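Encoded as structure tokens, the structure appears first; notes follow it.
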Amino acid sequence: MSKKKRRLTEKEILFKEEAARKRKERAEVKRLKRIKDARWLLAFACIVIAVSFGLVVWTAARMHRFEINYVIVNGTVTDYEVYKPTGKVGNRYTLVISYTFNQREYKLFDTVSYRERPTDMLGTNAEIYVNPQNPENAKKVATADDPSFVSAIVFPFGAAIYVLAGMLLLQEKNGTFVKRLLRIWLPIFLWCAACVLLFWVGLPNNGFGAVFLRVEGASGYAVIGGTALLAVLIDGIISVKKQADCK
């Protein structure tokens, strides 16, 4: 004979309801904390991305100034300098490039450093941007886009945080694939495309293909944009599979 289920007293019912209410409150506090943390991450990501974009603009303006106001001459690597960086082990080496402008010879001390002695580069040619108004003011063409390289290193860091923060926020709102596409993947792709186009603006005398030959950071942004497209494809496949499993 089965036992008759004991009815809860009013005090026990109130105790259970109170415990359930407290669990719900704790869950809500945790949820709000996750949202707050995600928004802080999003704000930090936007700052990092803004810094990287500032470097892109700087590169474009710098390259445009070189292309419009400077002339390109061929120089020759004739020597290298040795220096010891502060707080680092070992020496570093920078190239000394000789070039001629208006029948006068000048020297350019490049900013790129090498860990090993660049003896194999002695005698090689290098293109130089030269200011015709002040021929001593010059820059090696291959290193004129230094800020773009830094930007291409900074941007993925900000983009990764942006993706993480966006996923956390959309998770709280039961975000769909379309929302992830519009709010996460598409902004990253468009940002990368805009940066590459800005690099193109910095090369008014060259075609679009020259962007990837002349601006080192452009390849980095192309890779990041391609990664965003690949992420869209993978996300879409996973979403379709989940929908099929639910049916």
Side-chain angles (χ1 to χ4, degrees), residues 38-70 72 111-112 127 129 139-173 175-241:
R39 285 175 176 171
W40 276 111
L41 281 174
L42 187 62
F44 179 69
C46 289
I47 292 172
V48 174
I49 291 173
V51 170
S52 68
F53 188 69
L55 291 171
V56 168
V57 173
W58 182 20
T59 298
R62 197 166 182 243
M63 296 294 288
H64 190 275
R65 177 170 61 87
F66 283 136
E67 287 286 318
I68 296 297
N69 299 320
Y70 287 45
I72 296 179
T111 55
V112 176
E127 288 187 322
Y129 279 124
K139 184 72 175 176
K140 185 180 172 186
V141 171
T143 56
D145 66 326
D146 288 347
S148 78
F149 180 73
V150 177
S151 175
I153 294 175
V154 172
F155 179 76
F157 178 64
I161 298 174
Y162 177 85
V163 170
L164 175 62
M167 287 293 190
L168 289 173
L169 288 173
L170 287 178
Q171 187 178 13
E172 295 295 331
K173 299 177 181 179
T176 62
F177 167 70
V178 174
K179 288 182 179 179
R180 290 193 297 275
L181 172 64
L182 295 178
R183 298 183 187 183
I184 298 176
W185 308 122
L186 186 60
I188 291 176
F189 174 78
L190 292 178
W191 198 276
C192 291
C195 290
V196 173
L197 290 176
L198 270 175
F199 291 141
W200 187 22
V201 171
L203 298 172
N205 301 324
N206 301 270
F208 182 74
V211 173
F212 299 97
L213 296 175
R214 300 282 297 278
V215 185
E216 193 170 3
S219 299
Y221 277 99
V223 170
I224 299 165
T227 302
L229 290 178
L230 180 61
V232 169
L233 179 61
I234 295 173
D235 194 359
I237 292 172
I238 293 173
S239 298
V240 170
K241 190 175 183 304

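By convention here, the first residue in the shown sequence is residue 1. For clarity, every value in this text was computed on a predicted model and none was experimentally measured.
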Exercise. Mind checking whether Phe189 and Val232 have side chains closer than 4.5 Å, heavy atoms only?
Worked result: no
Exercise. Got a second to check how far Leu169's CG is from Lys179's NZ, nearest 0.5 Å?
Worked result: 12.0 Å
Exercise. Do any N or O atoms from the side chain of Asp235 and from the backbone of Arg180 form a donor-acceptor pair under 3.5 angstrom?
Worked result: no
For this session: Flag the pair Ile68 / His64 as yes when at least one side-chain heavy-atom distance between them is below 4.5 Å, and no otherwise.
Result: yes
For this session: Answer yes when Arg214 and Glu127 have at least one side-chain N-carboxylate O distance shorter than 4.0 Å, and no when they do not.
Result: no
Exercise. Without hydrogens or angle criteria, can the side chains of Ser148 and Tyr221 be said to hold a donor-acceptor pair below 3.5 Å?
Worked result: no
Problem set entry | Side-chain heavy atoms of Lys139 within contact of Phe66, under 4.5 Å | yes
Exercise. Can you tell me how far CD1 of Ile49 sits from CD1 of Ile188, rounded to the nearest 0.5 angstrom?
Worked result: 6.5 Å
Problem set entry | Intermediate values then yes/no, side-chain contact (heavy atoms from CB on, under 4.5 Å), Met167 and Val163 | CA-CA 6 Å; Met167 287 293 190; Val163 170; 4.2 Å; yes
Exercise. Once you round to the nearest 0.5 Å, how far does CG of Leu164 lie from CG of Leu41?
Worked result: 5.5 Å
For this session: Mind listing the closest non-hydrogen atom pair of Ala152 and Ile224 along with its distance?
Result: O-CD1, 4.3 Å
For this session: Kindly give the heavy-atom pair with the smallest separation between Val56 and Ser151, and that separation in Å.
Result: CG2-OG, 3.3 Å
Exercise. Side chains of Trp200 and Asn206: closer than 4.5 Å at any heavy-atom pair?
Worked result: no
Exercise. Does the side chain of Trp191 come within less than 4.5 Å of Phe53's, by heavy atoms?
Worked result: yes
Seminar exercise, completed: CG (Leu197) and SG (Cys192) are apart, to the nearest 0.5 Å, by 11.0 Å
Exercise. From Tyr162 OH over to Arg183 CZ, what is the distance, rounded to the nearest 0.5 angstrom?
Worked result: 9.5 Å
For this session: Kindly indicate whether the side chain of Leu170, heavy atoms from C-beta on, has any atom under 4.5 Å from the side chain of Ile184.
Result: yes
For this session: Give, for atom CD1 of Ile234 and atom CH2 of Trp185, the distance between the pair rounded to the nearest 0.5 Å.
Result: 8.5 Å
Problem set entry | Whether Tyr70 and Tyr129 hold their rings parallel, tilted or perpendicular, with breakpoints at 30° and 60° | perpendicular
Problem set entry | Residue pair Ser52 / Phe157, side-chain heavy-atom distance below 4.5 Å | no
Problem set entry | CZ (Arg39) with more than 12 external heavy atoms under 6.0 Å | no
Exercise. More than 12 non-hydrogen atoms from neighbouring residues, nucleotides or ligands closer than 6.0 Å to CZ on Phe44, yes or no?
Worked result: no
Seminar exercise, completed: Residues Gly158 and Ala45: closest non-hydrogen pair is O-CB, 3.5 Å
Exercise. If you count the non-hydrogen atoms of other residues, nucleotides and ligands that lie under 6.0 Å from CZ in Phe177, is the total more than 12?
Worked result: yes
For this session: Test Phe208 against Val196 for side-chain contact (heavy atoms from CB on, under 4.5 Å), laying out the working first.
Result: CA-CA 9 Å; Phe208 182 74; Val196 173; 3.7 Å; yes
